[in-house]
Participant: 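If you scroll down you'll find the structure; I have some questions about it.
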Amino acid sequence: MPVPSRWMIRAALAYLMLGFTAGALLLAAKGMGGGPGVWSLRPLHIEWLLVGWTAQLTMGVAYWIFPRVALRRDVSGSAVPVWFTFAALNAGVWLAGLGAIEPRAWNGAMALGGRLLEVAAAAAFVMAMWKRVRPGLAQM
Amino acid sequence: MPPLTRWYIRFAFGYLVLALLTGTAAAARQPFGLPPVIAALGPVAVHLFVVGWITQMIFGVAYWMFPRHSAEMPRGDPAPAIMTLVLINTGLLLRVVAEPWQAVRPSGAVAALLVLSAVAQWLAGLAFVWQMWPRVKER
């Protein structure tokens, strides 16, 4: 498993725990009642689990297992786009999640910035992986 | 495919069907004048799909495919993986029962079931991360 995959998968596991913690608090609040503080976790719960956990885990595993671009073990193409994906996606998760928490003058811009970073991360990932969507080297 | 993975995937398949059926029932409430409890199935359908199907499928496949823990125990100690399987399904099924029930007829006992469901699912996540973290490595 290459280094960028390990970072993405570890980050995804961390988001799984963050998202499950927020989800457990929200679910428990449905039973016990909870202040508005608990309900403000909802956008973060969704962002952590859908983008931080599911999307990031998928990206990390795809970078690991998709056919390589050459026979040498370490050649999965340049790692720069996938590192950019990692940085932009994680910054985007926090900005988009925190920006959606409560209405303030600046947080609409924060949420928009987060979404733009997520789009940039996705575009970089697709460009990096596009050429790896092909038969494996052994089949060529 | 290890036996535990087979169980994860069988449960995941079951939740896929159940999630879509539940979503269909929620959508049918208004046109068919179904009882109000059906309206409370919306969040249940989402979580059956996202937790029961997607997350549980990921858990099962990751347990199978991730780099080996060691030559002696390729997938590590199976106890946390068994705990994950039991707790995620117990927690989710408790939610399926308790969430609509609490929405329609709230009571202390049902509230306690919701809290139990929350704790069970949180512990399942913790056990999975505990199990898989050491397997996120080069080979």
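Every chain is numbered from 1 and lettered A, B, ... according to where its sequence line falls, protein lines coming before strand lines.
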Participant: When only pairs under 4.5 Å are counted, which of B/Ala118, B/Ser107, B/Ser117 shares the most heavy-atom pairs with chain A?
Facilitator: B/Ala118
Participant: Please classify the contact between B/Phe66 and chain A as side chain, backbone, both or neither, with a heavy-atom cut-off of under 4.5 Å.
Facilitator: both
Participant: Are B/Val61 and B/Tyr63 linked, directly or through other ILVMFWY residues, by side chains that come within less than 4.5 angstrom of each other?
Facilitator: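 Looking at the clustering, B/Tyr63 is in the same group as B/Val61.
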Participant: Is chain A contacted by the side chain of B/Ile58, its backbone, both, or neither, given a heavy-atom distance below 4.5 Å?
Facilitator: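 Side chain only.
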Participant: Treating Ile, Leu, Val, Met, Phe, Trp and Tyr as nodes and any side-chain heavy-atom pair under 4.5 angstrom as an edge, say whether B/Trp64 and B/Met73 lie in one connected cluster.
Facilitator: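 Looking at the clustering, B/Met73 is in a separate group from B/Trp64.
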Participant: Going only through I, L, V, M, F, W and Y residues with side-chain contacts under 4.5 Å, is there a path from A/Val119 to A/Trp83?
Facilitator: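 A/Val119 and A/Trp83: separate clusters.
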Participant: Within residues 7-36 of chain B, which positions have a heavy-atom distance to chain A below 4.5 Å?
Facilitator: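 The stretch does not come within 4.5 Å of chain A.
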Participant: Quick one: closest heavy-atom pair of A/Phe20 and B/Gly125, and the distance?
Facilitator: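 Looking at all heavy atoms of both residues, the shortest contact is CD2-CA, 3.7 Å.
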Participant: Can you get from A/Val51 to A/Phe84 by hopping between Ile, Leu, Val, Met, Phe, Trp and Tyr side chains that sit under 4.5 Å apart?
Facilitator: no
Participant: Indicate yes or no: at least one non-hydrogen side-chain atom of B/Met65 is less than 4.5 angstrom from one of A/Ile65.
Facilitator: no
Participant: Using heavy atoms and a sub-4.5 Å threshold, report which of residues 39-50 of chain B line up against chain A, by residue number.
Facilitator: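 Contacts with chain A: B/Pro43, B/His47.
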Participant: Can you tell me which portion of A/Val61 sits under 4.5 Å from chain B's heavy atoms? Options are side chain, backbone, both or neither.
Facilitator: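 A/Val61 touches chain B through side-chain heavy atoms alone.
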Participant: Rounded to the nearest 0.5 Å, what's the gap from CG on A/Leu26 to CG on B/Leu114? Could you check?
Facilitator: 12.0 Å
Participant: Going from CG on B/Leu126 to OG1 on A/Thr21, what distance comes out if it is rounded to the nearest 0.5 angstrom?
Facilitator: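 Taking CG in B/Leu126 and OG1 in A/Thr21, the distance rounds to 8.5 Å.
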Participant: Listed by residue number, which members of residues 80-104 of chain B have a heavy atom under 4.5 Å from any heavy atom of chain A?
Facilitator: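 So far as heavy atoms go, B/Ile88, B/Arg95, B/Glu99, B/Gln102 are the residues that approach chain A to under 4.5 Å.
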Participant: Counting neighbours of CZ on B/Arg75 that are heavy atoms of other residues, nucleotides or ligands and sit closer than 6.0 Å, is the number greater than 12?
Facilitator: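 Atom CZ in B/Arg75 is crowded, with more than 12 foreign heavy atoms closer than 6.0 Å.
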Participant: Without placing hydrogens or testing angles, list every side-chain donor-acceptor pair under 3.5 Å for residues 7-19 of chain A, not counting sequence neighbours.
Facilitator:
residue	atom	partner	partner atom	Å
A/Arg10	NH2	B/Val136	O	2.7
A/Tyr15	OH	A/Asn90	OD1	2.9
A/Tyr15	OH	A/Trp94	NE1	3.0

Participant: Same hydrophobic cluster for A/Trp53 and B/Trp133, using side-chain heavy-atom links shorter than 4.5 Å among ILVMFWY?
Facilitator: yes
Participant: Measure across B/Pro67 and A/Trp64 and return the closest heavy-atom pair with its distance rounded to 0.1 Å.
Facilitator: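 Heavy atoms of B/Pro67 and A/Trp64 come nearest at CD-CH2, 3.6 Å.
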Participant: A quick test of your reading: do over 12 heavy atoms of other residues, nucleotides or ligands sit less than 6.0 Å from CE of A/Met32?
Facilitator: no
Participant: Could you walk me through whether B/Trp122 and A/Leu25 satisfy the side-chain contact (heavy atoms from CB on, under 4.5 Å) test, starting with their C-alpha distance in whole Å, then the side-chain angles of each, then the deciding distance to 0.1 Å, before giving a yes or no?
Facilitator: CA-CA 10 Å; B/Trp122 186 81; A/Leu25 291 171; over 6 Å; no
